[in-house]
> 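Below you will find the structure I want to go over with you.
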Amino acid sequence: MKRILILSVMMIVSVSGYANSNVDTSLAIQPGYPADMEPQAVKTETGYQYQQKPSYPVQKQIQNRNKSLSIEYTAQKGKFENDIDADLNGVAIGLSSSPDHHGFWSKFEYLKNNDYDADYYELSIGAHYNFIYVNNFYLTGTAGLGFGWAKVDGFDNSSFFTVPLGLEAGFNFTPSLSLFGGVGYKWAWDVSSSTKCNDGTTSNSTGSGACSWHDGVNSSTYTIGDFDGVTYKAGLRYNF
């Protein structure tokens, strides 16, 4: 019995010593994570946020670009005095705030009508108001004031005060490139000198019917008259 007890005590002491020796000689391994697998916490004004590698589309990348340079095809269904309809088509270049938020715009446009051999130029400025910006799609309303001038075969050069209104819808394919289209309406008032008649009098009327009771219109002051109509546009924006 003593022999069995002594052997049991010796076995317990041997196992304990072996276990302790393994603990003392084991390597200390600290858990870790690959640096490129975990997002990094970045301190901001509102607290800590996790910064991840950007993937497109990223809305903040677009919103950080607050200026826009545009080139567009533009057209107007012009309704002139004396029931004359004449379509104007051309191109425009614009510089504006980014259309995904409120801001200002400016534009220079050139339009032409081949039926009347007409060339029309206009410089306009205004403001835009963003209604919607979601998933890189925006809808913006525009309003402005402009000054235009026209050269038309058989007419005196005419000047116009204009008021353009419109809606523009666009989509940002990349942070710096947008495709857009729009529709609107423009009023243009002829602010040229009064029409001079051949008998020496002047008339506030314009167009082919002016001075009909005063020996006709003096061709040197034969102005075009007011016009208005629906406008269309489509183009590209570079946001920067």
Side-chain angles (χ1 to χ4, degrees), residues 67-99 103-129 131 137-173 177-192 195 206-210 219 221-239:
K67 297 182 180 64
S68 177
L69 181 66
S70 65
I71 183 168
E72 65 188 52
Y73 164 80
T74 183
Q76 180 169 8
K77 295 285 186 181
K79 294 184 176 296
F80 292 80
E81 295 186 356
N82 302 315
D83 297 326
I84 296 176
D85 295 336
D87 295 343
L88 301 168
N89 302 274
V91 295
I93 298 175
L95 179 65
S96 70
S97 305
S98 178
F104 298 90
W105 59 269
S106 61
K107 181 191 298 184
F108 176 78
E109 54 189 308
Y110 165 73
L111 300 105
K112 187 174 182 62
N113 178 276
N114 293 324
D115 295 335
Y116 293 92
D117 193 20
D119 296 292
Y120 178 78
Y121 307 85
E122 184 176 317
L123 179 64
S124 53
I125 59 174
H128 59 78
Y129 184 90
F131 296 110
F137 171 83
Y138 68 83
L139 178 64
T140 299
T142 61
L145 301 173
F147 181 79
W149 57 100
K151 296 172 60 178
V152 183
D153 188 31
F155 291 81
D156 188 30
N157 294 345
S158 299
S159 303
F160 300 90
F161 173 74
T162 66
V163 175
L165 300 177
L167 282 175
E168 178 180 318
F171 184 81
N172 294 301
F173 287 97
L177 186 62
S178 306
L179 178 66
F180 68 91
V183 62
Y185 204 92
K186 184 193 294 181
W187 294 265
W189 291 275
D190 194 331
V191 293
S192 306
T195 302
T206 57
S208 59
S219 61
T221 57
Y222 192 24
T223 56
I224 297 171
D226 303 342
F227 70 95
D228 59 87
V230 177
T231 59
Y232 307 91
K233 65 179 181 180
L236 292 172
R237 287 189 177 279
Y238 173 69
N239 306 306

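Residue indices begin at 1 and follow the sequence shown.
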> Given the rule in the side chain to side chain contact (heavy atoms under 4.5 Å, CB included) test, do Glu72 and Phe180 qualify, once you have shown the distances and angles that lead to the verdict?
CA-CA 9 Å; Glu72 65 188 52; Phe180 68 91; 3.6 Å; yes
> When rounded to the nearest 0.5 angstrom, what is the spacing between CD in Glu122 and OG1 in Thr74?
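Answer rounded to 0.5 Å: 9.0 Å.
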> Does the side chain of Val91 come within less than 4.5 Å of Ile71's, by heavy atoms?
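A side-chain contact is absent here, since even the closest heavy-atom pair is not under 4.5 Å.
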> Could you tell me the separation between the NE2 atom of His128 and the OG1 atom of Thr142, rounded to the nearest 0.5 Å?
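Rounded to the nearest 0.5 Å, the NE2-OG1 separation comes to 9.0 Å.
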> Does NZ in Lys112 sit with more than 12 non-hydrogen atoms of other residues, nucleotides or ligands closer than 6.0 Å?
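Counting neighbours around NZ of Lys112, more than 12 heavy atoms of other residues, nucleotides or ligands fall under 6.0 Å, so yes.
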> Do you know the tightest heavy-atom contact between Tyr116 and Val152?
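Minimum heavy-atom separation between Tyr116 and Val152: O-CG1, 3.5 Å.
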> State, yes or no, whether a side-chain contact exists between Leu165 and Trp187 at a heavy-atom distance under 4.5 Å.
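Of all side-chain heavy-atom pairs linking Trp187 with Leu165, at least one is under 4.5 Å.
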> Can you give me the closest heavy-atom contact between Pro164 and Leu145, atom names plus distance?
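Shortest heavy-atom contact: CD-N, 4.0 Å.
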> Does a sphere of radius 6.0 Å around CZ in Phe104 hold more than 12 heavy atoms from other residues, nucleotides or ligands, not counting ones at 6.0 Å or beyond?
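Atom CZ in Phe104 is not packed in, count stays at 12 or less.
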> Between Val183 and Val230, is the side chain to side chain contact (heavy atoms under 4.5 Å, CB included) condition met? List the steps.
CA-CA 7 Å; Val183 62; Val230 177; 4.1 Å; yes
> List the atom of Ser158, the atom of Ser192, and the distance in Å for their closest heavy-atom pair.
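So the two residues come closest at CA-OG, 3.1 Å.
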> Drop me the distance from Asp228's CG to Glu81's CD, to the nearest 0.5 angstrom.
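If I round to the nearest 0.5 Å, the distance is 10.0 Å.
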> Run the numbers on Leu179 and Phe173 for side chain to side chain contact (heavy atoms under 4.5 Å, CB included), then give the verdict.
CA-CA 7 Å; Leu179 178 66; Phe173 287 97; 3.5 Å; yes
> Mind listing the closest non-hydrogen atom pair of Asn239 and Ser68 along with its distance?
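Scanning both residues, the minimum pair turns out to be OD1-OG, 3.4 Å.
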> Short question: side chain of Thr140, backbone of Pro99 - any donor-acceptor pair under 3.5 Å?
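Looks like yes, one N/O pair under 3.5 Å.
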> Side chains of Arg237 and Ser96, heavy atoms from C-beta outward: is any pair under 4.5 Å?
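Yes. Closest side-chain heavy atoms under 4.5 Å.
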> Could you tell me which non-hydrogen atom of Phe147 sits nearest to which non-hydrogen atom of Thr162, and how far apart they are?
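That closest heavy-atom pairing would be N-OG1, 4.0 Å.
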> Report the C-alpha distance between Leu236 and Tyr238 in whole Å, list the side-chain angles of each, state the deciding distance to 0.1 Å, and finish with yes or no for side chain to side chain contact (heavy atoms under 4.5 Å, CB included).
CA-CA 7 Å; Leu236 292 172; Tyr238 173 69; over 6 Å; no
> Start with the C-alpha distance between Lys186 and Glu109, add both sets of side-chain angles, then the distance that settles salt bridge (Lys or Arg N to Asp or Glu O under 4.0 Å), and finish with yes or no.
CA-CA 13 Å; Lys186 184 193 294 181; Glu109 54 189 308; 3.4 Å; yes
> Enter the distance from Asp153:CG to Asp119:CG here, rounded to the nearest 0.5 Å.
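These two atoms lie 10.5 Å from each other.
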> Got a sec, which residues hit ring pair (Phe, Tyr, Trp, His ring centres under 6.0 Å) with Tyr138, two or more places apart in sequence or on another chain?
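For Tyr138, no residue satisfies ring pair (Phe, Tyr, Trp, His ring centres under 6.0 Å) once neighbours in sequence are set aside.
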> Hey, what's the ring geometry for Phe227 with Tyr120, parallel, tilted or perpendicular (30° and 60° as the breaks)?
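Phe227 and Tyr120: perpendicular rings.
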> Are there over 12 heavy-atom neighbours, none belonging to Leu139, within less than 6.0 Å of that residue's CG?
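More than 12 heavy atoms, drawn from other residues, nucleotides or ligands, come within 6.0 Å of this atom.
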> Is any side-chain heavy atom of Val163 closer than 4.5 Å to a side-chain heavy atom of Trp189?
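Side chain of Val163 against side chain of Trp189, heavy atoms only: contact under 4.5 Å found.
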> For Ser124 and Trp105, work out which heavy atoms get closest and say how close.
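Smallest interatomic distance, heavy atoms only, reads OG-CZ3, 3.4 Å.
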> What I'd like to find out is whether the side chain of Phe80 reaches to under 4.5 Å of the side chain of Ile224, using heavy atoms alone.
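A side-chain contact exists here, since the closest heavy-atom pair is under 4.5 Å.
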> Anything under 3.5 Å between a donor and an acceptor, one on a side chain of residues 83-90, the other on a protein residue two or more places apart or in another chain? List them.
{"from": "Asp87", "atom 1": "OD2", "to": "Lys77", "atom 2": "NZ", "distance (Å)": "3.2"}
{"from": "Asn89", "atom 1": "OD1", "to": "Tyr73", "atom 2": "OH", "distance (Å)": "2.8"}

> Could you give the distance from CG (Leu123) to CH2 (Trp149), rounded to the nearest 0.5 Å?
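The CH2 atom of Trp149 is 6.0 Å from CG of Leu123, to the nearest 0.5 Å.
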